[in-house]
Structures are given as structure tokens and as C-alpha cells.
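Following: one structure in C-alpha cells, then a few remarks.
All values below come from the heavy atoms of this structure, side chains included, with hydrogens, waters and symmetry mates left out.
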Amino acid sequence: MAGEAGEDQDPARASEAPFFTEEEKLLDLAVPAAEIRRKAAALNVTSPQAQVRVGDTTHVISRTDPADGGSGGAPGTVLAEHDDGWTIQTADHPLRFTRG
């Protein structure tokens with residue numbers, strides 16, 4: 001940055017940063033809402049890649065937001081359907097999932 005060439009990275013000490021697998025992109029609704037939100041944010045850094053399964057269909061999710069209300073049943077229970085997504089119960093709190 002200051003006009004210096006720097007040092008080459010030692011290939012023996014380098015690590016891979018592979019793309020996320022399809023399994024890794026699927027959000028686990030049985031974990032706490034905060035964990036789901038962190039994972040969705042990490043998956044969506046460059047483009048929407050986070051996914052949620054609703055019924056028999058997997059959907060790409062562009063964002064997650066806390067939803068009002070307490071526990072509404074088992075994790076994965078759809079509490080409300082919206083034009084652009086769903087409110088779904090997680091392990092501890094409902095989240096609003098927006099399709100991406």
C-alpha cells in the first residue's frame with residue numbers, strides 16, 4: 001500500500017477458502033435466532049445464498065429480521081406468510097425471512 005512490494009505468501013502455510021456447499025447454505029431452524037442471523041449475513045455477503053426450507057421447497061433468503069411475538073411452536077413452524085417471505089419459529093424466537 002505504501003509502494004512496497006511486500007512478501008510472497010508461503011504456499012505451504014496458505015489455506016483454502018472454498019465456496020459454501022449446498023448443505024452449508026441451508027439455515028438450520030432448530031438453532032437460536034441470533035445464530036441463524038449471523039450465518040445468513042455471512043452467506044449473503046456477496047449475493048443472496050442463504051436458504052430456508054418451507055414445506056418441500058427450498059428458497060433463497062436475502063435477509064432475516066427479528067419478528068414480534070414469543071414462541072409459536074416447534075422450530076420450523078411457519079407463523080405467518082408474507083408477499084415476500086415468512087415469519088418462522090426458530091429454537092428461541094421467530095424470525096422474518098425475506099425471499100431474495
How many angstroms lie between CZ in Arg38 and OG1 in Thr64, if you round to the nearest 0.5 Å? 11.0 Å
Quick test of your reading: applying salt bridge (charged side-chain N to carboxylate O under 4.0 Å, His left out), list the pairs with at least one residue in residues 12-24, sequence neighbours left out, ordered by first then second residue. Glu22-Lys25
Residues sharing Leu27's hydrophobic cluster, by side-chain heavy-atom contacts under 4.5 Å among ILVMFWY, directly or via others? Phe20, Leu29, Val31, Ile36, Leu43, Val52, Val54, Ile61, Val78, Trp86, Ile88, Leu95, Phe97
Taking side chain to side chain contact (heavy atoms under 4.5 Å, CB included) as the definition, give me every residue that meets it alongside Pro66, ordered by chain and number, with sequence neighbours left out. Arg37
Is a side-chain donor or acceptor of Asn44 paired with a backbone partner of Gln49 at a separation under 3.5 angstrom? yes
Provide the closest heavy-atom pair for Ala33 versus Asp92 in the form atom of the first, atom of the second, distance. N-OD1, 2.8 Å
Mind listing the closest non-hydrogen atom pair of Ser62 and Gly100 along with its distance? CB-CA, 3.4 Å
Non-neighbouring partners of Lys39 that pass salt bridge (charged side-chain N to carboxylate O under 4.0 Å, His left out), sequence neighbours left out: none
Have a look at Arg96 and tell me which of Asp65, Asp68, Leu79 forms a side-chain contact (heavy atoms from CB on, under 4.5 Å) with it. Asp65
Under the side chain to side chain contact (heavy atoms under 4.5 Å, CB included) test, residues paired with Ala30 that sit two or more places apart: Asp28, Pro75
What pairs with Ala41 under side chain to side chain contact (heavy atoms under 4.5 Å, CB included), at least two apart in sequence or on another chain? none
In sequence, state the C-alpha distance, the side-chain angles, and the governing distance for His82 and Thr87, and then conclude on side chain to side chain contact (heavy atoms under 4.5 Å, CB included). CA-CA 8 Å; His82 312 282; Thr87 297; 2.7 Å; yes
Which residues share a side chain to side chain donor-acceptor pair (under 3.5 Å) with Thr58, sequence neighbours left out: Arg53
